[in-house]
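Working notes, beginning with the structure itself.
The sequence lines fix the lettering, A, B, ..., with proteins before strands; numbering per chain opens at 1.
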Amino acid sequence: MPELPEVESARSVIARVALGRVIVDVDDTDTYECRPHRPGEIRTALLGRTLTDAHRRGKSMWCDTSPVNGSAVAGPPLGIHLGMSGKIVVAASDGTETDGGDYWDRGRQPGDRRYLRFSLTFDDGGSMALIDPRRLGRVRLDPLIDRLGPDAGLITPSQFRAALARGSAPVKARLLDQESIAGIGNLLADQILWQARISPGRSVQDLSADDISRLLRAVRQAIRAAVAGGGVHTLSVVPFRKPGGRCPRDNAPMVRSTVGGRTTWRCSREQP
DNA sequence: TATAGTGTTATCGG
DNA sequence: ACCGATAACACTAT
């Protein structure tokens, strides 16, 4: 399930193999995935255009679209959110697939149409599809990205301090708040707090300047590690988020709780 | 069969 | 109005 690193991998697949191919068909008939659009609305808006660039902020992606032939006006940006279970698969003209992530494979074979919720067909016979079993992903035109906070991988120290400055929420809840910082999901948050040795339930107003700087270092390091490793499931503490799990640093039991409405695992000794 | 889950958002109460 | 907590969403896996 996608957090910032998985979404970045999907974005980079789109940028590498989907740009510049003319869209000749669009399947936007899934009324869940394509809310708030009516079936056909996205199709009409995109036919005859190409994707010209692929962007990302936090877990949200959007693609710029070209003018149609004979016009100078670009098309509407196409927003894509992977939700809990989405992934992007791009097919070449010969059917060869480039998969934007293998975190939800379930033995999927190339060409498998199960869970296909949205797709573009290109004039070369290839396609770009959103595969999303749980249907919590979204595809929409003109996505609102202004409401997102700074991308977690690019956030500056002063932006980070500002994100933690107000209110009294548990620090983990704030890390998960996409309007404060964009891109951190449940596993990344647990890894970051574990690395910084900060208890997830501590209020943001109790954090010292030193806590905050350790936290920002952990944000950067965890994101770098997850992008390099191929996803958040490769983060070092993730395998120990289970009953009987022990902290890989001090061997103390990992304990489970709920913070910010999400399942939370922490080291019982280092994150009391 | 019942429950949890790598995300977002509407809604409710303080 | 702001902030935080919770339920709901849709579906699969355990």
Side-chain angles (χ1 to χ4, degrees), chain A residues 1-10 30-36 56-61 79-88 100-108 112 114-118 130-140 143-149 152 162-194 200-206 219 222-223 225-227 229-245 256-265:
Chain A
M1 292 82 174
E3 302 190 30
L4 186 156
E6 287 80 4
V7 179
E8 174 54 24
S9 132
D30 191 296
T31 53
Y32 291 99
E33 211 79 19
C34 299
R35 252 177 341 194
R56 180 190 59 76
R57 179 148 157 200
K59 306 173 197 171
S60 293
M61 289 185 280
I80 302 173
H81 197 292
L82 300 177
M84 289 274 262
S85 63
K87 72 167 171 175
I88 294 293
D102 60 359
Y103 45 86
W104 189 283
D105 244 358
R106 311 289 172 206
R108 183 183 177 278
D112 190 342
R114 272 183 318 158
Y115 314 128
L116 192 156
R117 311 302 190 193
F118 175 83
L130 171 61
I131 310 293
D132 181 18
R134 287 178 64 177
R135 286 213 268 223
L136 295 173
R138 291 291 177 268
V139 177
R140 62 160 304 168
L144 314 166
I145 49 165
D146 301 339
R147 288 180 43 200
L148 294 172
L164 299 177
R166 105 205 104 71
S168 61
V171 57
K172 178 173 175 178
R174 186 59 50 80
L175 291 176
L176 292 172
D177 174 6
Q178 305 299 303
E179 294 187 26
S180 299
I181 304 166
I184 299 174
N186 199 29
L187 293 191
L188 216 28
D190 276 2
Q191 174 76 29
I192 288 163
L193 291 159
W194 175 79
R202 272 178 67 189
S203 165
V204 289
Q205 62 189 348
D206 294 337
V219 167
I223 289 174
V227 169
V232 291
H233 61 284
T234 65
L235 291 168
S236 61
V237 86
V238 168
F240 307 100
R241 296 176 79 261
K242 60 182 181 194
R256 191 196 124 112
S257 60
T258 298
V259 180
R262 310 304 305 279
T263 295
T264 299
W265 291 86

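If you take CZ of A/Arg138 and P of B/dT9, they are 9 Å apart, rounded to a whole angstrom. A/Leu187 has its CG atom 17 Å from the P atom of B/dA4, to the nearest Å. One atom, NZ of A/Lys242, and another, P of B/dT3, lie 24 Å apart when rounded to the nearest Å. One interatomic measurement links the two molecules: CH2 of A/Trp265 to C1' of B/dA4, which rounds to 12 Å at whole-angstrom precision. Rounding to whole angstrom units, CZ of residue A/Phe118 and P of C/dA10 are separated by 20 Å. Atoms NZ (A/Lys59) and P (B/dT9) sit 10 Å apart, rounded to a whole Å. A/Leu136 has its CG atom 15 Å from the C1' atom of B/dA10, to the nearest Å. Spacing between atom CD1 of A/Ile184 and atom P of B/dG7 amounts to 11 Å, rounded to whole angstrom units.
Side-chain contact check for A/Asp132 versus A/Arg138: every heavy-atom pair is 4.5 Å or farther apart. Using a 4.5 Å heavy-atom cutoff, the side chains of A/Ser60 and A/Leu148 are in contact. Between A/Ser257 and A/Thr263, every side-chain heavy-atom pair lies at or beyond the 4.5 Å cut-off. Annotation: side chain of A/Trp194 is in contact with side chain of A/Ser236 (closest heavy-atom distance under 4.5 Å).
Between A/Gln178 and B/dT8, a side-chain N or O to OP1/OP2 separation shorter than 4.0 Å is present. Between A/Arg35 and B/dA10 there is no side-chain N or O to OP1 or OP2 distance below 4.0 Å. Of the side-chain N and O atoms in A/Arg262, one or more sit less than 4.0 angstrom from OP1 or OP2 of B/dG7. An OP1 or OP2 oxygen of C/dT12 is reached within less than 4.0 angstrom by a side-chain nitrogen or oxygen of A/Tyr115. Regarding contacts with the backbone of B/dG7, every side-chain N or O of A/His81 stays at 4.0 angstrom or more from both OP1 and OP2.
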**From CA spacing to verdict: side-chain contact (heavy atoms from CB on, under 4.5 Å), A/Leu175, A/Ile192** = CA-CA 9 Å; A/Leu175 291 176; A/Ile192 288 163; 4.3 Å; yes
**Asked** How far apart are the C-alpha atoms of A/Arg56 and A/Leu4, what are their side-chain angles, what is the distance that settles it, and do they pass the side-chain contact (heavy atoms from CB on, under 4.5 Å) test?
**Response** CA-CA 9 Å; A/Arg56 180 190 59 76; A/Leu4 186 156; 3.3 Å; yes
**Asked** Would A/Val7 and A/Met61 count as a side-chain contact (heavy atoms from CB on, under 4.5 Å) if you check the C-alpha gap in whole Å, the side-chain angles of each, and the deciding distance to 0.1 Å?
**Response** CA-CA 7 Å; A/Val7 179; A/Met61 289 185 280; 3.5 Å; yes
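Taking every side-chain heavy atom of A/Pro133 into account, C/dT12 is the closest of C/dT12, B/dG7, B/dG5. Closest to the side chain of A/Asn186, from the set C/dA10, B/dG7, C/dT12, is B/dG7.
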**Asked** Pairs counted as Watson-Crick or G-U wobble with both distances under 3.5 Å: what dot-bracket string results for DNA chain C, using | for bases tied to another strand?
**Response** .||||||||.||||
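Between the base of B/dG5 and the side chain of A/Arg134 there is a donor-acceptor pair shorter than 3.5 Å.
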Measure all distances between protein nitrogen or oxygen atoms and nitrogen or oxygen atoms of nucleotides 3-6 of chain C, and list the pairs falling under 3.5 Å.
from  : atom 1 : to       : atom 2 : distance (Å)
C/dG4 : OP1    : A/Ser168 : N      : 2.5
C/dG4 : OP1    : A/Ala169 : N      : 2.7
C/dG4 : OP1    : A/Arg174 : NH2    : 3.3
C/dG4 : OP2    : A/Arg174 : NH2    : 3.1

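Of the two residues near DNA chain B, A/Arg241 and A/Arg147, the one whose nearest nucleotide lies more 5' is A/Arg241.
Between A/Arg262 and A/Asp190 no salt bridge is recorded (no basic side-chain N to carboxylate O distance below 4.0 Å).
Here the separation of B/dT11 from C/dA10, taken at their P atoms, is 15 Å to the nearest Å.
When the salt bridge (Lys or Arg N to Asp or Glu O under 4.0 Å) test is applied to A/Lys59, no partner is found at least two apart in sequence or on another chain.
In the model, A/Arg166 has a side-chain atom that pairs as donor or acceptor with a side-chain atom of A/Ser180 under 3.5 Å.
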